[in-house]
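This report concerns only the one structure given below.
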Amino acid sequence: EAETEQTAEELERLVKERYYERAAAEREMEDGDTTAIGQQSLLPTIRDTKLWVMQCRPGMEREISICMMQKCFNMADRGTPLTIKSVFFQDHLQVGTARA
């Protein structure tokens with residue numbers, strides 16, 4: 001019983017430390033204080049998913065996105081799921097070559 005109380009107390013302390021620091025940082029950001037620590041938290045970390053950019057023919061973005069997601073579903077049904085989380089495109093972006 002003493003071990004259970006000790007681990008419960010340790011767990012409570014860890015949770016308070018973790019979430020109190022996060023809540024304090026959020027309060028600072030809400031107050032309009034843009035400190036270096038607040039800006040650092042906006043940067044991607046090693047735990048964030050990777051973002052891959054693919055090139056395709058103009059006008060084919062929607063079709064390729066749908067094909068990629070369909071491939072993910074098909075591979076998952078076969079028992080070998082891909083690590084793709086999502087696919088997206090933006091119609092308003094016009095990517096082309098710049099000439100000088």
Side-chain angles (χ1 to χ4, degrees):
E1 186 175 311
E3 291 179 17
T4 307
E5 289 179 17
Q6 184 180 11
T7 57
E9 290 172 358
E10 289 176 10
L11 181 61
E12 181 181 359
R13 181 182 54 80
L14 290 172
V15 169
K16 282 183 180 178
E17 286 176 2
R18 178 181 293 169
Y19 292 106
Y20 177 75
E21 291 173 5
R22 183 178 293 169
E26 288 176 0
R27 281 193 300 273
E28 285 181 15
M29 292 301 289
E30 289 174 359
D31 293 339
D33 183 23
T34 56
T35 62
I37 295 172
Q39 293 296 317
Q40 282 281 338
S41 65
L42 298 175
L43 295 174
T45 64
I46 193 77
R47 294 183 194 105
D48 291 336
T49 57
K50 306 295 185 258
L51 180 64
W52 295 85
V53 178
M54 297 178 57
Q55 291 183 342
C56 63
R57 287 187 289 163
M60 298 296 292
E61 296 90 355
R62 182 182 309 269
E63 183 176 343
I64 288 175
S65 297
I66 292 169
C67 289
M68 286 182 68
M69 286 308 297
Q70 187 62 47
K71 177 139 184 133
C72 285
F73 295 141
N74 292 342
M75 296 296 285
D77 287 342
R78 292 180 187 162
T80 55
L82 302 176
T83 57
I84 296 174
K85 302 290 182 193
S86 64
V87 177
F88 67 93
F89 69 96
Q90 296 179 344
D91 283 328
H92 66 278
L93 294 179
Q94 296 286 326
V95 179
T97 58
R99 296 185 182 175

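None of these values were measured; they are calculated from a predicted model. By convention here, the first residue in the shown sequence is residue 1.
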Show every salt bridge (Lys or Arg N to Asp or Glu O under 4.0 Å) that has at least one partner inside residues 42-52, sequence neighbours left out. none
Please say yes or no: joined through hydrophobic side-chain contacts below 4.5 Å, possibly via intermediate residues, are Leu51 and Met54 part of one cluster? no
Show me the donor-acceptor pairs, under 3.5 Å and distance only, between side chains in residues 62-78 and residues at least two apart or in other chains.
residue	atom	partner	partner atom	Å
Arg62	NH2	Asp91	OD2	3.2
Ser65	OG	Glu61	O	2.9
Gln70	NE2	Asn74	OD1	3.1
Asn74	ND2	Gln70	O	3.4

Under the rule for salt bridge (Lys or Arg N to Asp or Glu O under 4.0 Å), what residues qualify as partners of Arg13, not counting sequence neighbours? Glu17
